[in-house]
Amino acid sequence: MDDISKLLQEAKPLYFARKKRNNRIKTTLLMLVLVIGINFMRIEQKTNYNEYSTLALISMLEQQISIVEEQSTIKDLGLPVDDYGLLMVS
């Protein structure tokens with residue numbers, strides 16, 4: 001019985017040290033995975049935003065400009081307009 005008590009007393013600090021080390025390793029790996037995952041999500045959002053803002057915005061502006069240049073709502077109403085499609089005031 002005495003031998004078992006000695007063995008348990010010797011093993012107790014080693015057991016808790018190993019348990020503490022394993023918990024630190026698990027925590028570190030989890031933090032690393034979370035940081036990498038958040039980083040990838042941020043890169044995807046930034047890329048999508050940049051693509052939208054540069055390509056789609058330019059094409060939308062070009063469409064709006066071409067519509068305004070081709071059509072005039074004031075002219076369609078039958079009001080007098082100048083060369084730029086603006087309402088002529090006398």
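What you see is a predicted model, and the numbers here were worked out from it, not measured in a lab. Quick note: numbers below take in every heavy atom, side chains included, and nothing from hydrogens, waters or symmetry partners.
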K12 vs L8, test: side-chain contact (heavy atoms from CB on, under 4.5 Å). Steps then yes/no.
CA-CA 6 Å; K12 185 177 179 180; L8 288 175; over 6 Å; no
Could you walk me through whether D82 and M88 pass the side-chain contact (heavy atoms from CB on, under 4.5 Å) check?
CA-CA 6 Å; D82 60 1; M88 200 187 279; 4.3 Å; yes
Could you give the distance from [atom1] ([X]) to [atom2] ([Y]), rounded to the nearest 0.5 Å?
X	Y	atom1	atom2	value
Q64	S59	CD	OG	10.5 Å
T27	L32	OG1	CG	12.5 Å
N23	T28	CG	OG1	10.5 Å

Assess whether atom CG of L30 is packed by more than 12 heavy atoms of other residues, nucleotides or ligands within 6.0 Å.
yes
Linking I/L/V/M/F/W/Y whenever their side-chain heavy atoms sit closer than 4.5 Å, directly or via other members, would L29 and L34 fall into one cluster?
no
Just to verify, which of R18, R24, K19 counts as forming a side-chain contact (heavy atoms from CB on, under 4.5 Å) with R21?
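Looking at R18, R24, K19, the match for R21 under the side-chain contact (heavy atoms from CB on, under 4.5 Å) is R18.
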